Amino acid sequence: MDIHQYLDQDQKKDLLRFLTAGSVDDGKSTLIGRLLFDSKKVYEDQLATLERDSKRIGHAGEAIDYALLLDGLKAEREQGITIDVAYRYFSTNKRKFIIADTPGHEQYTRNMVTGASTANLAIILVDARKGVITQTKRHTFIVSLLGIKHIVLAVNKMDLVDFNEDVFNSICADYKSFVTRLSVPDVHFIPFSALNGDNVVENSQLMPWYHGKCLLEFLETVHVGSDRNFDDLRVPVQYVLRPTLDFRGFSGKISSGIVKLNDELMVLPSRKKSRVTRIITTDGDTESAFTPQSVTLTLADEIDISRGDMLVHPENQPRLERQFEAMLVWMNEEPMDPFTQFFIKINAQTTRARIDQVRHRIDVNTLEHHQANSFSLNEIGRVLVTTNKPVVFDPYSKNHNTGSFILIDPISHNTCAVGMIIDKLSQADLYSRLTDNETRKLVEGGKSLIDKAELESRYGQKGVTIWITGLHGSGKNLAAYTLEKRLFDMGATAVLLDGSTIRSGLNRELDYSPADRAEHLRRVAHIARILNDQGIIAICSFISPREHIRGQVAEIVGKDRFHLIYMDASPDYCRSNKPELYQLAESGKLQHLPGVDEAFDIPVNPAIVLHPQPESVDVEQIIDYLSAKGIFPITQNRS
Amino acid sequence: MSDSSKINSYTLNNLRELEAESIHIIREVAAEFEKPVMLYSIGKDSSVMVRLAEKAFYPGKVPFPLMHIDSKWKFREMIEFRERYTREMGWDLIVESNLEGFEAGIGPFTHGSKVHTDVMKTQALLKALDKHRFDAAFGGARRDEEKSRAKERIFSFRDRFHQWDPKNQRPELWDIYNTKVHKGESIRVFPISNWTELDIWQYIRLENIPIVPLYFAKERPIVELDGNLIMVDDDRMPPELAAKAQMRKVRFRTLGCYPLTGAIDSEADTIEKIVEEMMTVTKSERTTRVIDFDQEGSMEQKKREGYF
């Protein structure tokens with residue numbers, strides 16, 4: 001093969017980016033040094049420096065310390081640890097490679113996360129004498145968190161266990177039982193010795209029982225092309241090109257998918273549509289372009305498009321939301337301050353964002369979930385993020401480019417956290433919309449000058465919430481109004497809140513979808529809470545179909561003040577009371593009717609169950625209950 | 001699209017993937033910064049970077065200027081090439097030099113490589129950046145050139161004094177770049193960080209990118225100084241050294257100040273021959289740069305001080 005042929009061939013090689021995780025003790029640097037050395041990436045002068053340094057500051061005695069070849073920065077060389085991510089380059093006749101060489105210790109988790117963000121494959125090193133240890137699990141978790149689909153568990157130092165097959169098999173079995181808990185689709189196992197080069201670039205004679213590929217051959221042949229997403233077209237508009245009055249091009253790197261001439265595209269967030277008239281690539285005009293090309297598109301219509309917008313196919317749209325859940329990795333030395341209004345950068349979009357809630361922190365060693373309100377350096381957890389304006393995104397699991405973001409500190413401008421979006425908020429989830437209890441404590445509010453005892457003695461009652469739940473037509477309102485009248489006659493002070501009154505005014509913009517219903521009930525819960533704080537009994541009549549939402553309402557009101565009453569009426573009874581409503585729902589003309597197309601959870605542990613009768617309801621059970629509990633009339637010495 | 005760009009219909013080869021990444025980086029800077037500039041060293045890496053910028057804004061004009069820091073000791077052929085290329089391609093070109101240093105007679109022969117590099121390159125660059133108030137400066141450095149570069153970010157933050165702190169680098173994940181800086185702070189951007197020397201040559205070949213003829217082997221007047229082959233480019237070389245010059249067929253693997261840049265004996269007068277030679281050479285690129293020998297970790301030291 002002459003040089004022209006060689007270059008033509010070389011030009012067609014593809015690129016594999018991989019991560020190496022493990023500590024110096026596992027022989028990681030030795031392995032990389034060997035890959036570079038054996039692919040002749042180490043030059044004579046570097047080798048001379050290496051020999052000189054090996055004797056002076058090396059950790060390998062008189063032998064060449066390959067690790068010194070890699071540790072670039074002075075401080076790192078002196079401490080003998082690889083602190084930062086280092087990128088290494090080598091190529092073979094089959095492929096080009098970029099290695100993200102990352103440090104192994106827990107205090108450098110953020111560096112490993114950084115290296116993993118651009119890798120297609122991860123080599124996780126273990127020492128054959130030690131097997132799968134805590135560090136191995138931590139590395140595997142991070143690799144799966146960042147969505148790397150291919151793992152090689154590279155079992156090093158086989159020479160120190162006499163190349164024993166049983167040792168290798170038992171490590172593989174251990175690892176398999178752990179890795180099944182994480183979603184990594186492709187896992188391989190290779191026994192080797194970096195020091196002597198066994199199974200690194202050539203299959204070793206010393207492990208005849210191993211029939212798989214040696215490490216380098218595996219890296220040269222592993223198929224990663226199908227990891228790319230060609231289904232969902234996403235072109236974030238990075239730059240608007242307007243060289244002349246009659247040319248307007250929209251430049252960006254195709255995050256995923258394929259775009260063709262004449263495709264109809266939709267612009268988000270404006271939702272305007274147009275047709276592709278030109279696709280300009282680095283190779284001139286083309287008929288189609290695909291991820292990860294950087295292109296410039298022109299469109300048939302003059303529509304307003306600016307940086308941060310996203311071009312997509314109208315039939316395949318990403319999310320456009322202000323709230324999402326994400327896995328967050330805290331990268332800053334300063335711990336997270338929950339009040340910060342961060343800058344969020346998500347592809348070409350930049351806006352402000354805050355972390356509304358920390359759902360939990362994950363222990364990277366055990367994968368256990370812990371309660372947390374904030375994060376420190378290297379901590380990882382699940383959070384709820386709210387942005388100032390709607391942002392376009394996809395779940396990270398579907399699309400790494402449109403599902404990842406960074407948070408920038410508004411004062412220091414440091415990148416303080418990075419995140420991977422799980423998805424938009426589950427629609428029926430009310431809890432996330434609550435004011436965080438910790439935050440509430442910190443916000444200084446007004447303080448009433450009337451204390452609770454004074455209120456109770458004036459009204460002769462305790463401020464509680466009587467929450468009546470039940471299907472449409474179960475007789476909630478009748479019970480509520482009867483109770484209100486009865487309490488009034490007895491001298492109590494009560495306020496009645498019911499669905500139709502609240503929805504016709506205060507909550508008139510909200511519909512019956514699970515998300516809006518949750519918001520509706522959140523507001524009602526806060527009104528009830530305010531009334532109770534002022535010593536007044538709140539009678540609330542709401543379908544409130546889901547048990548977990550009722551629980552969340554109870555948390556807002558205060559669990560000790562919340563008394564749940566269930567109108568236990570049969571579906572037939574309810575239908576006979578509201579026949580038109582149920583007919584509409586059953587014919588599909590009306591949506592979101594609990595008991596028909598939405599679930600209704602029967603309360604698990606109500607204070608009282610009422611069995612309604614037509615035209616009348618017996619509220620004496622409630623009166624007796626209030627009296628027995630010392631709520632009304634009040635009993636001062638009982639709680 | 002030509003067939004060479006694709007392996008099968010929807011796979012990009014290595015070069016096209018690197019190209020897409022570099023263009024994304026260049027556009028990001030143009031979109032996010034008020035006053036970017038592209039530092040132009042006239043070398044092969046700069047030539048590739050400049051071509052990528054031309055492509056990034058095609059069919060428009062590149063929205064930022066090129067700036068060359070002229071140490072006044074560059075090869076004459078470099079300056080000729082600079083003038084011709086930028087004029088033909090319609091680039092805005094800024095040339096800045098440390099005139100105080102020049103008038104004080106600072107030069108490598110009289111003051112040594114360390115002082116010369118500091119005054120005529122590092123200080124000249126910093127003054128020029130301050131003078132024009134650039135908030136982002138592209139550089140053509142590659143991570144595979146030198147050990148300390150392997151850990152530098154693509155968007156490398158500099159404080160008000162242009163200092164780089166290797167221990168306090170911003171995390172850089174996926175292709176999301178933090179472009180926020182305060183007034184007076186700046187970012188150095190390295191769009192070809194992930195390219196190797198071979199990638200550069202391949203791309204020059206693929207795209208027919210013009211480069212300075214000094215890269216190709218030719219008979220040139222050479223003086224051997226401490227094992228380095230130094231070309232006599234003008235009459236500022238001390239006459240007792242210049243007198244020793246002999247014609248040798250040499251070429252340069254990197255270009256800089258002529259007294260500080262060693263040539264190699266070579267027969268390679270085409271890109272193909274250069275690559276062939278490169279694959280059999282046993283010395284890394286930077287050994288022909290005299291400045292690296294000053295002290296251990298010297299490149300890291302220079303970078304902390306603001307050198308590229």
Side-chain angles (χ1 to χ4, degrees), chain A residues 3-4 7-8 10-15 43-46 72-75 84-89 91 96 98 110 113-114 117-118 225 230 238-239 241-243 247 251 253 258 280-283 286 290 292-294 296 307 331 343 345-348 400-401 404-406 408 413-415 418, chain B residues 1-2 4-5 7 10-21 23-24 27-28 30-31 55-61 143-144 147-151 166-167 169-176 178 180-182 193-194 196 198 202 205-206 272-273 275-276 281-284 287 296-297 300:
Chain A
I3 186 69
H4 292 268
L7 287 172
D8 291 343
D10 182 76
Q11 211 169 284
K12 292 181 189 147
K13 285 180 195 168
D14 67 343
L15 180 63
Y43 293 104
E44 216 173 59
D45 56 308
Q46 289 175 335
L73 303 177
K74 248 181 169 175
D84 214 321
V85 189
Y87 296 92
R88 314 284 169 200
Y89 304 81
S91 74
K96 299 210 174 186
I98 300 179
R110 65 171 163 171
V113 169
T114 302
S117 73
T118 49
F230 290 115
Q238 195 189 359
Y239 193 85
L241 201 59
R242 208 175 301 180
F247 182 94
S251 304
K253 191 170 166 200
I258 299 164
I280 304 167
T281 70
T282 55
D283 230 9
T286 56
F290 54 93
Q293 285 183 293
S294 280
T296 297
R307 176 174 161 86
M331 310 287 269
F343 287 106
K345 192 166 179 191
I346 166 166
N347 53 68
H400 288 196
N401 293 316
S404 52
F405 63 89
I406 64 173
I408 300 169
H413 288 172
N414 277 335
T415 303
V418 302
Chain B
M1 178 175 282
S2 66
S4 65
S5 315
I7 291 170
Y10 296 122
T11 310
L12 280 189
N13 66 40
N14 166 59
L15 279 184
R16 291 297 181 207
E17 188 170 337
L18 291 173
E19 181 189 51
E21 176 184 280
I23 287 174
H24 175 253
R27 286 174 176 164
E28 194 69 6
K55 283 192 172 211
F57 303 100
Y58 173 84
K61 188 177 176 302
R143 283 177 179 151
D144 86 326
K147 272 197 274 185
S148 77
R149 294 233 197 256
K151 300 187 180 186
K167 283 208 171 146
Q169 299 196 76
R170 290 175 172 179
E172 195 167 86
L173 288 92
W174 302 289
D175 54 7
I176 311 178
N178 179 351
K180 294 259 179 233
V181 290
H182 290 108
S193 284
N194 284 327
T196 63
L198 182 60
Q202 279 280 24
R205 178 176 180 260
L206 180 72
E272 287 77 12
K273 285 184 193 167
V275 173
E276 202 167 15
V281 291
T282 51
K283 288 199 189 325
S284 70
T287 54
E296 191 199 358
E300 187 190 334

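The structure presented is a predicted model; accordingly, all values stated were derived computationally and were not measured.
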Proximal component of A:Phe343, with respect to chain B [non-hydrogen, under 4.5 Å]: side chain
Distance under 6.0 Å and angle within 45° of ring axis: B:Arg143 vs A:Tyr87: yes
Engaged part of A:Lys96 at the chain B interface, taking heavy atoms whose separation is under 4.5 Å: side chain
Engaged part of B:Asp175 at the chain A interface, taking heavy atoms whose separation is under 4.5 Å: side chain
Chain B interface, residue from A:Thr118, A:Ile98, A:Ile408, A:Asn414 that has the most non-hydrogen pairs under 4.5 Å: A:Ile408
Side chain A:Gln238, main chain B:His24, donor-acceptor under 3.5 Å: yes
Part of A:Arg307 within contact of chain B (heavy atom distance under 4.5 Å): side chain
Which of B:Glu172, B:Glu272, B:Lys61 touches chain A most, by non-hydrogen pairs under 4.5 Å: B:Glu272
Residue selection (most heavy-atom pairs with chain B, distance under 4.5 Å) from A:Asn347, A:Ile258, A:Thr296, A:Asn401: A:Ile258
Contacting region of A:Leu7 [heavy-atom separation from chain B under 4.5 Å]: both
Options B:Glu21, B:Glu28, B:Lys55, ranked by heavy-atom pairs under 4.5 Å with chain A, top entry: B:Glu28
Interface residue of largest heavy-atom contact number with chain A, from B:Ala30, B:Pro171, B:Gly60, B:Ala56, under 4.5 Å: B:Pro171
Contact summary for B:Ala20 and A:Ser294, nearest pair of heavy atoms: O-OG, 2.8 Å
